[in-house]
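Report on the following structure.
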Number of protein chains: 2
Amino acid sequence: MARLSRLVLERLMRYYRFLTETAAKEAVETITSGEIAEALEIDPTQVRKDFAAVGLIGMGRVGFDVCEACRAIRVTLGFNRSYEAVLVGTGHLGGALLAYPNFVRYGMRIVAAFDNDKQKIGQTVAGQIVKPMRMLKPFIKRRKIRLAILTTPAHVSQMLADRLVAAGVKAIWNFTPTGLAVPPDVLVRNEHISIGLAEIAYHLKDQAAC
Amino acid sequence: MARLSRLVLERLMRYYRFLTETAAKEAVETITSGEIAEALEIDPTQVRKDFAAVGLIGMGRVGFDVCEACRAIRVTLGFNRSYEAVLVGTGHLGGALLAYPNFVRYGMRIVAAFDNDKQKIGQTVAGQIVKPMRMLKPFIKRRKIRLAILTTPAHVSQMLADRLVAAGVKAIWNFTPTGLAVPPDVLVRNEHISIGLAEIAYHLKDQAAC
DNA sequence: TAGATTGTTAATCGATTAACAATC
DNA sequence: TAGATTGTTAATCGATTAACAATC
């Protein structure tokens with residue numbers, strides 16, 4: 001199957017959430033591309049194209065089987081295979097992510113949290129005992145961890161990324177505002193929270209001018 | 001000036017962060033589009049186009065004045081005008097946002113936090129005394145607040161969005177996974193955190209296949 | 001001047017949307 | 001069958017990249 005672009009992946013995630021919620025709530029068995037499109041404000045043709053990309057075949061005049069669609073997306077994105085993650089940096093955001101209960105839906109489980117603050121090591125944060133940084137590499141190696149979540153201050157993020165990669169991590173979910181240099185086989189997904197303020201400030205500026 | 005697309009706004013934010021850091025750290029006075037492009041992994045032509053869009057004029061053979069570039073972006077995005085925000089929902093993520101110190105750089109100040117949990121009301125979270133929901137509308141009206149940050153459970157987000165809009169809010173920074181219906185003059189910026197897991201799970205699945 | 005960099009037009013690329021025959 | 005919906009090709013749109021004359 002052709003490699004899916006990031007835009008397609010994100011739409012698939014939106015379909016998935018919508019379909020699982022709809023299925024749970026309304027017990028509908030089929031759904032049309034038009035209905036999905038309307039709910040998610042996406043073009044119906046787009047929905048059909050994306051569904052075709054994950055191998056879904058619709059039924060003329062009826063639409064798509066909801067369960068089948070969920071399953072196809074789940075398998076394509078890999079939510080059915082579970083994978084373990086370590087969290088590095090137990091500040092406010094790190095704590096929020098540790099406490100977030102819904103990641104398992106997407107196959108992800110945070111199995112350890114690391115920090116280098118002596119005050120925090122040994123403490124429990126959202127059910128995880130915070131481990132010292134020196135245990136980072138051995139832990140990743142032993143458990144064959146492939147995903148790390150980075151929520152540290154910006155100035156240590158590249159150094160930590162290097163250590164994570166050296167330990168064998170294949171993807172970094174980067175919540176620090178720093179771009180990370182990594183080998184080509186390692187995925188970095190950046191979630192720079194305050195970037196949204198560009199759009200917000202720009203909009204509010206315009207509003208004020210009215 | 002033509003309305004800037006979201007993509008341009010986000011790049012402008014990245015330039016801004018890079019330029020302010022560079023200016024602080026290295027005391028360089030000028031920078032070329034090529035240098036910015038290399039650091040941020042963007043095409044140099046793109047950088048020049050974006051700079052042209054905010055009215056910046058470069059100097060042949062020299063590049064752009066760093067301070068002037070910062071100022072132009074700051075003024076275009078509206079970071080120079082400060083605006084107040086309320087935060088609704090003081091869970092883990094809400095607390096993390098309240099504690100985040102860097103929003104002022106972009107003109108934003110969180111001036112109040114609201115929750116409807118009796119346990120939390122009156123408590124202090126990151127320096128803010130949590131207020132009850134019934135004070136939401138009067139507070140927004142009195143202070144003429146135009147931005148609300150929404151970090152509540154998904155099932156109450158549309159109801160709260162309606163209340164926020166009715167109170168006069170012009171932008172909602174939405175950290176809940178629900179799409180919000182609002183009037184056309186109100187901006188909703190969605191930051192659905194777990195959407196990134198689509199890309200991550202997909203990448204890890206591929207890796208595993210190797 | 002020589003040469004590096006800008007500013008801008010043209011070409012390319014990819015994503016989105018429109019159109020419509022095929023299907024159930 | 002009639003009609004709604006799919007699947008797919010073609011057209012459009014917008015964003016990115018290439019090319020290169022103008023500039024300092």
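By convention in this document, chain letters (A, B, ...) are assigned in the order of the sequence lines, proteins followed by strands, and residues within each chain are numbered from 1. Bear in mind the structure is a predicted one, so any value in this text is a computation, not a measurement.
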Send over the distance from A:F64 CZ to D:dA4 C1', rounded to a whole Å.
-> 13 Å

OP1, OP2 of D:dA15 versus side-chain N and O of B:R11: anything below 4.0 Å?
-> no

Would you mind reporting whether B:M108 and B:L147 have side-chain heavy atoms less than 4.5 Å apart?
-> yes

If we only count heavy atoms from C-beta on, is the B:I36 to B:L19 side-chain gap below 4.5 Å?
-> yes

Under 3.5 Å, is there a donor-acceptor pair between the side chain of B:Y16 and the main chain of B:R71?
-> no

Validation row, ring centre B:Y100 to ring centre B:F103 under 6.0 Å = yes

Nucleotide by nucleotide, nucleotides 17-24 of chain C touches protein heavy atoms under 4.0 Å in the pattern (B base, S sugar-phosphate only, - none) BBB----B

Integer-rounded Å distance: D:dT5 C1' and A:I57 CD1 | 15 Å

Do B:R163 and B:K137 have side chains that get closer than 4.5 Å, going by heavy atoms?
-> no

A:L87 side chain near A:F175 side chain, heavy-atom distance below 4.5 Å = no

Do NZ/NE/NH1/NH2 and the carboxylate oxygens of B:D206 and A:R3 come within less than 4.0 Å?
-> yes

Nearest whole angstrom, please: distance from the C1' of C:dC13 to the CG of B:L7.
-> 15 Å

Between C:dA15 (C1') and A:E10 (CD): distance, integer Å | 14 Å

Nearest-Å distance for atom pair CD1/P, residues A:I31 and D:dT6 = 10 Å

Round to a whole Å and report the spacing from CD of B:E41 to P of D:dT16.
-> 15 Å

B:D50 has an atom CG; how far is it from atom P of D:dG14, in whole Å?
-> 17 Å

Does the pair B:R17/B:E10 count as a salt bridge with the N-to-O cut at 4.0 Å?
-> no

May I have the distance from A:L4 (atom CG) to C:dG14 (atom C1'), rounded to whole angstrom?
-> 15 Å

Intra- and interstrand pairs of DNA chain C - dot-bracket, Watson-Crick/G-U under 3.5 Å, | marks other strand = ..||||||||||||||||||||||

Pick from B:N174, B:T178, B:T176: which one makes a side-chain hydrogen bond (donor to acceptor under 3.5 Å, both in side chains) with B:N190?
-> B:N174

